[in-house]
Amino acid sequence: QVQLVESGGGLVQAGGSLRLSCAASGSTFNIITIGWYRQAPGKQRELVAIISSGSTNYADSVKGRFTISRDNAKNTVYLQMNSLKPEDAAVYYCNALSKQPLASYWGQGTQVTVSS
């Protein structure tokens, strides 16, 4: 079992920055990928960024502005969000994919609000 807790959301002005954290606990040794997703009201949940074996990938909408990273010692993955836009406002969730068992786990989400 894996438990995920997101934090770091809040209210920022357009052009500002936030760093989100996803702290993992439990059977973290079986995690192979972690992704950040976001969901705005009335919209589908969107994959924003993933990290796996040190490699990273980003949605086109956030490339050049967001950076996903990890701190293995703290079992934590971060999403650094710069140059925030109003369209970035959403609840952000982290998701962990494990290999044994093959399963995925969701955090509770953290709200990001961007004012214009």
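Note that the structure is a prediction, hence the values are computed from the model and not measured.
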For the residue pair Arg19 and Tyr78, would you count it as a cation-pi contact if the rule is NZ or CZ under 6.0 angstrom from the ring centre and within 45 degrees of the ring axis? yes
Determine whether the side chains of Gln13 and Ser115 contain a donor N or O and an acceptor N or O closer than 3.5 Å. yes
For residues Val48 and Val114: do they belong to one hydrophobic cluster (side chain heavy atoms under 4.5 Å, members Ile, Leu, Val, Met, Phe, Trp, Tyr)? yes
Shortest non-hydrogen contact between Ala96 and Val2, atoms and distance: CB-CG1, 4.5 Å
Output the distance between atom CG (Leu20) and atom CZ (Phe66), rounded to the nearest 0.5 Å. 8.0 Å
Would you say CD of Glu87 has more than 12 non-hydrogen atoms from neighbouring residues, nucleotides or ligands within 6.0 angstrom? yes
Taking atom CG of Leu11 and atom CG of Leu18, what is their separation to the nearest 0.5 Å? 8.5 Å
Least distance between heavy atoms, Glu46 atom then Ser61 atom: OE2-OG, 3.5 Å
Any donor-acceptor N/O pair, Asn57 side chain to Ile50 backbone, under 3.5 Å: no
dist Leu4:CG -> Tyr93:OH (nearest 0.5 Å) comes out at 13.0 Å
Would a distance-only check, ignoring hydrogens and angles, find a side-chain to backbone donor-acceptor pair under 3.5 Å from Glu6 to Cys94? yes
Salt-bridged, Lys63 to Asp60, with N to O below 4.0 Å? yes
Of all heavy-atom pairs linking Pro86 and Ser116, the shortest is CG-CB, 4.1 Å
Do Leu97 and Val77 belong together in a cluster built from hydrophobic side chains that touch within less than 4.5 Å? no
side-chain contact (heavy atoms from CB on, under 4.5 Å) partner of Arg38, chosen from Val91, Asp88, Val112: Asp88
Which atoms form the tightest heavy-atom contact between Ser21 and Thr76, and what is the distance? CB-CG2, 4.1 Å
To the nearest 0.5 Å, what is the distance between CD on Gln44 and OH on Tyr37? 12.5 Å
Please identify each residue that fulfils side chain to side chain contact (heavy atoms under 4.5 Å, CB included) with Ser83, with sequence neighbours left out. Arg65
For Val5 against Gln108, the heavy-atom pair lying closest together: CA-OE1, 3.6 Å
When clusters are formed by joining ILVMFWY residues with side-chain heavy atoms under 4.5 Å apart, either directly or through shared neighbours, do Ile32 and Leu102 land in the same one? yes
Is the side chain of Ser98 donor-acceptor paired with the backbone N or O of Pro101 at a distance under 3.5 Å, no angle test? yes
Interatomic distance, CD1@Ile68 vs CD1@Ile51, rounded to 0.5 Å, equals 5.5 Å
Rounded to the nearest 0.5 Å, the CD1 atom of Ile34 sits from the OG1 atom of Thr56 at a distance of 13.5 Å
Mark yes or no for whether Thr33, through its side chain, and Ser52, through its backbone, hold a donor-acceptor pair below 3.5 Å. no
For Trp36 and Cys22, work out which heavy atoms get closest and say how close. CZ2-CB, 3.6 Å
Would you mind reporting whether Ser17 and Asn82 have side-chain heavy atoms less than 4.5 Å apart? yes
